[in-house]
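Quick notes on the structure that follows.
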Amino acid sequence: MSTTILAPIVLTILGIIFGIILAVASKVFAVEKDPREEAIAEILPGANCGGCGYPGCGGYANSVVKGIAPVNACAPGGAELAKKIGEIMGVEVEEGARKIAQVMCTGGGHDKTRYDYVGLSSCLAVSRVSSGPLQCSYGCLGGGDCVDACKFDAIHIVNGVAEVDQEKCVACGACVTACPKNIIQIIPRNSKKYTELRCSSHDKGPATRQSCDNGCIGCKLCVKACPKEGALTVENFLAKINYDICIGCGLCSRACPRQLITVDGKVLPPKPKKEEPKKEAPKAAPAAEAPKAAEAAPAAPAAEPAPAAEASKAE
């Protein structure tokens, strides 16, 4: 038999033998999957964003079943998905506040630059050239790295600054990781009215005024106006909101001289000052009473004339 015919036959036989071995091995050494893992994996959004801190949706499902990951760690799924996972795992899920990403810059310093940048349109590339062209070293560079990282189309560059679409944002944290300036943070929306203080500058007041039109100068007027103790603090010349305490009253926005703090996207005008009531001048006495007062006063006695005899002696 020629080798041209023998070789294919041998390969075919070997293929059949190895196939049988692999089939037997797959059954003998098969790892049984927990049916709960498959059930969880089916209801996950499949975004594989990594916001939960685990390698993809499959890794998260496996970690939930093993008891490593919490049932409410999937940000894209939100509270509804957490309830479904809780039902599969047989646990109760506490509803927490919805979270969103917040860009800590308004772009008030984009008109004040140190040099003209020409190169790649990337925040990472721009930041490596002397920390960027802006005078404010804490400002948004507008290169769009966060936009590329977001898988939910929830962040865009508007007028050179990153803006978050609150309706689409799921707080996955991809934009936080992508920003080389570290000026994006995840915050809870506990209050009915959403209060923002979008600044990251730790420069002193005079330096902030030179580099930004509305940056925080650490004046503490917002802290004094806030009715909730601890809701606003100033650290390193920068005011910060504690969203666990903030009630969204808007008094800080009215007090801020830089018009930096917004409530539901709007700067609230300062409250008008109350006008003090004018004091009435004392009324003058009527003219008719003046003669009566004169009549009431006793008349001064008239001087008596000197006797005639004394006058002649004097001559």
Side-chain angles (χ1 to χ4, degrees), residues 99-150 154-166 169 171 173-188 194-223 231-243 246 252-253 255-263 265 267:
K99 295 182 178 180
I100 59 171
Q102 186 182 68
V103 180
M104 306 302 290
C105 179
T106 62
H110 267 243
D111 294 333
K112 301 176 181 181
T113 57
R114 297 178 296 156
Y115 61 87
D116 293 331
Y117 173 79
V118 179
L120 294 173
S121 180
S122 164
C123 294
L124 184 60
V126 176
S127 64
R128 290 184 175 178
V129 183
S130 185
S131 298
L134 301 180
Q135 286 188 22
C136 177
S137 58
Y138 303 91
C140 175
L141 299 173
D145 292 18
C146 53
V147 178
D148 296 336
C150 182
I155 189 166
H156 304 90
I157 303 299
V158 180
N159 296 326
V161 184
E163 295 279 352
V164 177
D165 186 335
Q166 298 179 18
C169 181
C175 56
V176 177
T177 306
C179 179
K181 303 292 283 186
N182 298 316
I183 61 170
I184 305 179
Q185 62 182 15
I186 303 297
I187 59 105
Y194 175 50
T195 306
E196 279 185 305
L197 199 160
R198 295 173 54 186
C199 184
S200 299
S201 175
H202 290 287
D203 291 336
K204 293 183 179 180
T208 302
R209 286 191 181 94
Q210 291 179 359
S211 60
C212 184
D213 292 334
N214 61 349
C216 180
I217 57 176
C219 64
K220 297 187 179 180
L221 290 178
C222 55
V223 178
L232 266 166
T233 56
V234 174
E235 299 176 7
N236 296 328
F237 311 104
L238 176 64
K240 292 183 178 180
I241 299 175
N242 186 338
Y243 288 96
C246 176
C252 55
S253 179
C256 180
R258 304 285 284 172
Q259 296 186 338
L260 169 65
I261 307 175
T262 61
V263 179
V267 178

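Worth knowing before you read on, the calculation uses all heavy atoms, side chains too, and leaves out hydrogens, waters and symmetry mates.
Residues satisfying the side-chain contact (heavy atoms from CB on, under 4.5 Å) test with Val164, not counting sequence neighbours, are Ala101, Val103, Ile155, Cys169. Shown here are the salt bridge (charged side-chain N to carboxylate O under 4.0 Å, His left out) partners of Lys220, two or more places apart in sequence or in another chain: there are none.
Here the closest heavy-atom approach between residue Tyr194 and residue Ile187 is recorded as CE1-CD1, 3.4 Å. Between Tyr115 and Gly132, the shortest heavy-atom distance links the atoms OH-C, 3.2 Å. The two atoms that bring Ala171 and Ile186 nearest to each other are CB-CG2, 3.9 Å, heavy atoms only. Contact between Ala125 and Leu120 at its shortest, heavy atoms only, is CB-CB, 4.0 Å. Contact detail for Ile183 and Cys105: the closest heavy-atom pair is CD1-CB, 4.1 Å. Cys216 and Thr208 get closest at one heavy-atom pair: O-CG2, 3.5 Å.
A distance-only check finds a donor-acceptor pair linking the side chain of His110 to the backbone of Cys140 [under 3.5 Å]. A donor-acceptor pair under 3.5 Å links the side-chain atoms of Asp145 to the main chain of Leu124, judged by distance alone.
For Arg114, the CZ atom is densely surrounded, since the number of other residues' heavy atoms within 6.0 Å is greater than 12. Counted within 6.0 Å of CD on Gln135, heavy atoms from surrounding residues, nucleotides or ligands total more than 12; the atom is thus considered enclosed.
Atoms NZ and OH, on Lys99 and Tyr243 in that order, are 13.5 Å from each other to the nearest 0.5 Å. Distance check, rounded to the nearest 0.5 Å: OH of Tyr138 to SG of Cys212 gives 13.0 Å. Between Leu134 atom CG and Leu141 atom CG the span is 5.5 Å, to the nearest 0.5 Å. Note that SG of Cys222 is 13.0 Å distant from CZ of Arg258, once rounded to the nearest 0.5 Å. Atom-to-atom distance recorded for Cys146:SG and Lys181:NZ is 13.5 Å, nearest 0.5 angstrom. One finds the CD atom of Glu196 at 6.0 Å from the CD atom of Gln166 (value rounded to the nearest 0.5 Å).
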All N/O donor-acceptor pairs, side-chain side in residues 200-207, below 3.5 Å, sequence neighbours left out:
residue : atom : partner : partner atom : Å
Ser200  : OG   : Met104  : O            : 3.0
Ser201  : OG   : Asp203  : N            : 3.2
His202  : ND1  : Asn236  : O            : 3.2

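Two residues are said to be in side-chain contact when any heavy atoms from C-beta on lie closer than 4.5 Å; Arg198 and Thr106 meet this criterion. Looking at heavy atoms from C-beta onward, Gln102 lies in side-chain contact with Gln185 at the 4.5 angstrom threshold.
When each of Ile261, Leu197, Leu260 is checked for a side chain to side chain contact (heavy atoms under 4.5 Å, CB included) with Ser253, only Ile261 meets the rule.
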